[in-house]
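Worth knowing before you read on, the calculation uses all heavy atoms, side chains too, and leaves out hydrogens, waters and symmetry mates.
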Amino acid sequence: MKDETIKTTRWTIFLSAAFVFFSSSAAAQSLPDGPGKEVFESVCSLCHSPTAPMGKQWTKTQWEAKVIEMLQEEPDVTAQERAAIVEYLAANFKPGGKIYINKAAAKDLAAALEVSALEAEAIVRYREEKGLKSLDDLKKIPGLDPAKLEAKKNRLEF
């Protein structure tokens, strides 16, 4: 009985570790490459999904404030690591940057696409129900202005 319990426990630990590894690896692959990415992933993914900032389009000052807020009780994270995280976020998730249609929350889509909250919620609902793979898919959503979407097509990431 004792050997069986040990085998079950080891198997549970293995499966848990595999789930964490593969789910964080898949999420990490969708982040843009750049200096500071590895530090961001290793520090920030301990508390939340590494894709959490993908809908944000903040200034460097806003990212600095958020990093200070999030890491205020993490004395093991060095000033150099904090600076690398801020630089990575500010370079990749900035005003006028990419709009991650399949990752962003409705409120972030509303701001980035300059649409109403109801239109942004319609986008999220549509992507959850049918998926969004292209600008053409996005244009199928009733109520959205195709010309407004077309004007932002170079910034859209699916």
Asker: What verdict does the side-chain contact (heavy atoms from CB on, under 4.5 Å) test give for M70 and C44, after you've listed the backbone C-alpha separation in whole Å, the side-chain angles of each residue and the deciding distance to 0.1 Å?
Answerer: CA-CA 9 Å; M70 299 298 287; C44 300; over 6 Å; no
Asker: Please list, chain by chain and in numerical order, all residues satisfying side-chain contact (heavy atoms from CB on, under 4.5 Å) with S42, sequence neighbours excluded.
Answerer: none
Asker: Quick one: closest heavy-atom pair of S116 and A110, and the distance?
Answerer: O-CB, 4.1 Å
Asker: Under a 4.5 Å cut-off applied to non-hydrogen side-chain atoms, are N92 and L89 in contact?
Answerer: no
Asker: Give me each pair satisfying side-chain hydrogen bond (donor to acceptor under 3.5 Å, both in side chains) with a member in residues 72-84, each pair once, sequence neighbours excluded.
Answerer: T78-E81
Asker: Please list all pairs passing the side-chain hydrogen bond (donor to acceptor under 3.5 Å, both in side chains) test where one or both residues lie in residues 142-158, with sequence neighbours left out.
Answerer: Q57-R155, E114-K152, K139-E150, E150-K153
Asker: Linking I/L/V/M/F/W/Y whenever their side-chain heavy atoms sit closer than 4.5 Å, directly or via other members, would W58 and I99 fall into one cluster?
Answerer: no
Asker: Which residues pass the ring-ring contact (aromatic ring centres under 6.0 Å, His included) test with F93, sequence neighbours left out?
Answerer: Y100
Asker: Residues in side-chain hydrogen bond (donor to acceptor under 3.5 Å, both in side chains) with D108, at least two apart?
Answerer: K56
Asker: Going hydrophobic residue to hydrophobic residue with side-chain gaps under 4.5 angstrom, can you get from L31 over to L156?
Answerer: no
Asker: Going by atom types only, do T59 and T61 share a side-chain donor-acceptor pair under 3.5 Å?
Answerer: no
Asker: Between L149 and P146, is there a side-chain heavy-atom distance shorter than 4.5 Å?
Answerer: no
Asker: Could you tabulate the donor-acceptor pairs under 3.5 Å formed by side-chain atoms of residues 125-133, not counting sequence neighbours?
Answerer:
from, atom 1, to, atom 2, distance (Å)
R127, NH1, I101, O, 2.5
R127, NH1, A104, O, 2.8
R127, NH2, A104, O, 2.8

Asker: Just verifying a value: how many Å separate L144 CG and L138 CG, rounded to the nearest 0.5 Å?
Answerer: 6.0 Å
Asker: Does one hydrophobic cluster hold both M54 and L113, with members joined at side-chain heavy-atom distances below 4.5 Å?
Answerer: no
Asker: Could you pull out all residues at least two apart from K66 that satisfy salt bridge (Lys or Arg N to Asp or Glu O under 4.0 Å)?
Answerer: E69
Asker: Locate the shortest heavy-atom distance separating T51 from S30; write the atom from each residue and the value.
Answerer: CG2-OG, 3.5 Å
Asker: Listed by chain and number, what are the salt bridge (Lys or Arg N to Asp or Glu O under 4.0 Å) partners of K94, not counting sequence neighbours?
Answerer: none
Asker: Test of understanding: with side-chain hydrogen bond (donor to acceptor under 3.5 Å, both in side chains), list the residues that count as partners of K98, not counting sequence neighbours.
Answerer: none
Asker: Among pairs that include at least one residue of residues 138-158, which meet ring pair (Phe, Tyr, Trp, His ring centres under 6.0 Å), considering only residues two or more places apart or in two chains?
Answerer: none
Asker: Can V115 and L109 be said to form a side-chain contact (heavy atoms from CB on, under 4.5 Å), step by step?
Answerer: CA-CA 8 Å; V115 298; L109 287 171; 5.6 Å; no
Asker: Please collect all ring pair (Phe, Tyr, Trp, His ring centres under 6.0 Å) contacts where either partner lies in residues 72-91, sequence neighbours excluded, each pair once.
Answerer: F40-Y88
Asker: Check side-chain hydrogen bond (donor to acceptor under 3.5 Å, both in side chains) between E87 and all other residues, then give those that pass, not counting sequence neighbours.
Answerer: K60
